[in-house]
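Small disclaimer: the values here were computed from a predicted structure and weren't measured.
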Amino acid sequence: MCIRQLFQSSLLQWAWRAAFPKHTWGRHRRARRWAHSGGGTYRAVIFDMGGVLISSPGRVAAEWELQNHIPPGTIRKAWILGGENGPWMKLMRGEITTEDFLQEFGSLCSEIAKTSVPVGSFFSLLTSEQVAKQFPVMTEAITQIRAKGLRTAVLSNNFYLPSGKSFLPLDRKQFDVVVESCLEGLCKPDPRIYKLCLERLGLQPSESIFLDDLGPNLKAAASLGIHTIQVDDPETAVKELETLLGFTLRMVIPNTGPVRKTVEIPRDSLEKYLKDLLGTQSTGPLELLQFDHGQSNPTYYIRLGNHQLVLRRKPPGTLVPSTHAVGREFRIMKALANAGVPVPKVLDLCEDSGVIGTPFYLMEYCPGLIYRDPSLPGLEPSQRRAIYTAMNRVLCKIHSVDLKAAGLEDYGKHGDYIRRQVQTWTKQYRASETSTIPAMERLIQWLPLHLPRQQKTTVVHGDFRLDNLLFHPEKAEVLAVLDWELSTLGDPLVDVAFSCLAHYLPSSFPGSLLRGRNRSGGRRRERGSSGDGWCGCMKLRSWWFGRKCTWDAFLGEMGVGCMLSEKDVCIDPSYVFTQLISI
C-alpha cells in the first residue's frame with residue numbers, strides 16, 4: 001500500500017471515530033495492540049501526540065463543526081480530498097506557512113460545504129490551551145515510566161504556528177527524544193520517521209512500544225518490529241501499557257483510601273451530574289476515593305476522563321445547627337481566588353440533596369505536600385524556616401484582603417468577634433457534651449471574663465495550621481489553603497495565635513487535632529522572623545494577648561471532640577486547660 005493510501009485510510013478512521021462518540025461502539029473497548037515477532041525487555045515508550053497525549057484533531061473538528069453549524073464531516077473530507085499533496089499534509093511536513101495553509105484549506109472546505117468555512121476559527125481552537133492540554137493520566141504514566149529508568153519519546157505529525165514555532169504543547173522535559181514531522185519533512189506512516197526516532201533513542205525496534213490512535217500509523221510501526229498499542233481511550237490504553245511493562249503507571253493519590261461505608265456516594269447519580277457539568281471531555285470510568293483528612297465535611301478524590309477533582313460535602317445525618325456550611329466554603333474560596341489568595345479552584349456548588357444525599361461543592365485537585373508534623377522532621381533548619389515563613393506570608397495575604405472589593409463585607413458580623421466565638425462554641429459544647437468535666441466548666445467560666453479587645457476586622461480562616469496548607473513539592477511555596485469551614489469575619493490575631501499554638505504545646509500533647517512540635521529539632525526562632533509575618537496587618541502587642549485569642553478557638557476544637565463518645569475522646573479537657581494556662 002502506498003503512502004498516500006495509508007494516509008487517506010488513516011484520516012478516514014480518525015475522523016470517523018471523532019464524529020461518532022465511543023459509546024456507540026462500546027464504552028469500555030479494549031485498547032488494541034498489533035502483534036509482532038521478537039521479544040526481550042522494553043526500554044522505551046514512544047507516544048503520538050494528538051489522540052494520545054492531547055485531544056484528537058478529528059474529535060476537535062467534529063465538535064467545532066457542530067458548534068459552528070458547519071456540515072458534519074467537512075474538515076474530514078478536506079483532509080481526504082487533499083491527499084498526500086494537499087494543504088494539511090504539506091503543513092505537517094513544514095512545506096507551507098500557516099497563512100498559505102489557511103487560505104488553501106479554507107477554500108477546499110468552503111467548496112465542500114458550499115458555504116464559507118472559517119477554518120481560522122478551527123485552527124485557533126485546535127491550538128488553544130483549553131484544547132491542547134495533556135491528559136493527566138498520560139502525564140502520570142510518563143512520570144512512572146521515567147522513574148523506572150525507561151526512555152520516552154514523542155513522535156508527532158505536527159505543524160508550524162504563525163509565530164514560527166512548532167505546535168508541541170507539551171513539556172519537552174518529559175521526553176528523551178522529540179521527533180516532529182514539520183521539522184523533519186516526514187510524516188507518519190512513512191517508515192523513515194519511525195527509524196529516525198529509534199536511531200535517536202539508540203534502540204532496536206523490539207525494545208520499544210509505540211502508542212497511536214490511528215491504525216495505519218500503528219501498522220507501519222509494527223512492520224518494523226515495534227510493539228504497538230492502539231489508543232481509543234487514554235485510560236484503557238494506560239492499563240494495556242501497564243500489562244506490557246509489568247508495573248503500575250498510576251500515581252498513588254496521597255492521603256486517600258476507599259470510601260467509608262458510612263459516607264458512600266451514589267456513583268451513577270454523581271457520574272451523571274459530572275458529565276452534565278463537564279461536557280464531552282469526561283469520558284471514561286469514574287474513580288472515587290476518600291481523603292483521610294476533612295473529617296468534619298467528608299472529602300473525596302474524583303477522576304473522570306482527563307479531570308481530577310475534589311468533592312467536599314455535608315455529612316449525612318442530624319447535624320449541629322450552623323455547622324458544615326459547604327456553601328460558605330465555596331463562596332469564600334471563590335472570592336479569595338480573585339483576591340490573589342492561593343486556594344483550590346472551585347467549579348460548582350450543588351445544593352440539591354437529591355444528587356448524592358447532601359449538598360456539596362467541587363474544586364480542581366491540586367497535587368502537593370501536606371506537612372502533618374509541625375516539627376518538620378527530616379528537614380534542615382533553613383528549610384523549616386522557609387516553610388513557616390511561607391505560612392506566615394499567606395496568612396498575611398488572607399488578612400489583607402479588601403472586604404468590599406472581594407464582595408465579603410456581609411460574610412460575617414463586624415466587631416465583638418471573640419465574644420461571639422466563645423458563646424457559639426460554648427453552646428455547641430453544651431449541645432454535644434455527654435458528662436460534666438470540671439476543668440471544662442472552669443474554662444467556660446474563665447473565658448468571658450478575660451476577653452481581649454478587637455482591633456481590626458478581616459477575613460479569618462478559623463483553623464489556620466500547618467496541615468491545612470498544601471505546599472509545592474520542590475520549594476517552600478503554599479499552593480493552596482484548605483478547610484475553610486470555620487472561616488468568617490473577625491479578629492486576625494486569633495488566626496495568628498492559633499497558628500502558633502503547636503509551636504508552644506509540647507510534642508507529647510495528646511490527640512491529632514493540635515500536635516505540639518518536637519523541640520529536639522532546633523530553636524524556637526526557626527518559626528520565621530516577625531518581619532516575614534503579618535506585613536500590612538497589625539503586630540502582636542504582647543504574646544499574652546495572643547495567648548488569650550487561642551483559647552476560644554481551642555474551645556471549639558473541644559466542642560468537636562466531645563461530639564464523640566466518651567471512650568473515643570482523644571483529648572482530656574483537664575489536661576488542655578492545664579497546658580493552656582501554663583503557656
Side-chain angles (χ1 to χ4, degrees), residues 254-255 291-296 342 368-399 460-487 492-534 540 543 546-558 560-561 570-572 575-576 578-583:
N255 307 307
F291 286 98
D292 58 17
H293 54 277
Q295 299 296 325
S296 180
L369 296 178
I370 294 179
Y371 295 104
R372 300 292 183 186
D373 189 337
S375 66
L376 300 175
L379 298 185
E380 296 296 324
S382 60
Q383 294 174 310
R384 292 195 293 267
R385 185 180 299 111
I387 287 171
Y388 276 111
T389 296
M391 179 180 180
N392 292 345
R393 284 176 174 161
V394 79
L395 185 57
C396 173
K397 277 190 175 183
I398 294 170
H399 293 162
V460 292
H461 182 275
D463 194 14
F464 193 82
R465 59 181 193 242
L466 188 64
D467 62 348
N468 272 335
L469 304 179
L470 192 68
F471 280 85
H472 192 284
E474 298 177 357
K475 55 185 176 181
E477 176 188 342
V478 177
L479 299 177
V481 182
L482 311 175
D483 199 354
W484 290 87
E485 181 189 356
L486 302 180
S487 64
L493 290 176
V494 172
D495 272 348
V496 173
F498 189 80
S499 71
C500 295
L501 192 56
H503 182 75
Y504 281 84
L505 291 173
S507 58
S508 59
F509 192 82
S512 59
L513 289 176
L514 284 175
R515 183 181 301 168
R517 66 184 288 273
N518 186 348
R519 299 273 189 310
S520 63
R523 300 174 298 158
R524 289 185 174 185
R525 189 59 180 169
E526 289 167 11
R527 195 188 188 288
S529 65
S530 60
D532 290 328
W534 301 277
L540 283 172
W543 190 237
R547 291 203 307 253
K548 297 293 192 296
C549 294
T550 66
W551 294 350
D552 72 309
F554 197 80
L555 175 59
E557 299 286 1
M558 291 307 307
V560 173
C570 58
I571 303 176
D572 177 1
Y575 180 84
V576 172
T578 302
Q579 294 297 326
L580 288 173
I581 293 298
S582 64
I583 290 175

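Contact of the Asn255 side chain with the Arg372 side chain is registered, since non-hydrogen atoms from C-beta on lie closer than 4.5 Å. You'll find the side chain of Gln383 stays beyond 4.5 Å of the side chain of Leu376, heavy atoms only. Val494 places none of its side-chain heavy atoms less than 4.5 Å from the side chain of Phe464.
Side-chain atoms of Arg384 come within 3.5 Å of backbone N or O of Leu379 as a donor-acceptor pair. In this structure a side-chain-to-backbone donor-acceptor pair under 3.5 Å is present from Asp495 to His461.
Once rounded to the nearest 0.5 Å, the distance linking CG of Leu493 with SG of Cys500 reads 10.5 Å. Distance check: Leu482 CG to Phe291 CZ gives 9.0 Å after rounding to the nearest 0.5 Å. Put simply, CD1 on Ile398 and CH2 on Trp484 are 3.5 Å apart, with the number rounded to the nearest 0.5 Å. Taken from CE in Met391 to CZ in Arg465, the straight-line distance is 10.0 Å, to the nearest 0.5 Å.
When every heavy atom of His399 is checked against every heavy atom of Pro492, the shortest pair comes out as CE1-O, 3.2 Å.
Listed by chain and residue number, Tyr365 satisfy the side chain to side chain contact (heavy atoms under 4.5 Å, CB included) test with Pro254 (two or more places apart in sequence, or in another chain).
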Could you list the donor-acceptor pairs under 3.5 angstrom formed by side chains in residues 468-479, with sequence neighbours left out?
{"from": "Asn468", "atom 1": "ND2", "to": "Asp463", "atom 2": "O", "distance (Å)": "2.9"}
{"from": "Asn468", "atom 1": "ND2", "to": "Asp463", "atom 2": "OD2", "distance (Å)": "3.3"}
{"from": "His472", "atom 1": "ND1", "to": "Glu474", "atom 2": "N", "distance (Å)": "3.0"}
{"from": "Lys475", "atom 1": "NZ", "to": "Glu477", "atom 2": "OE1", "distance (Å)": "3.3"}

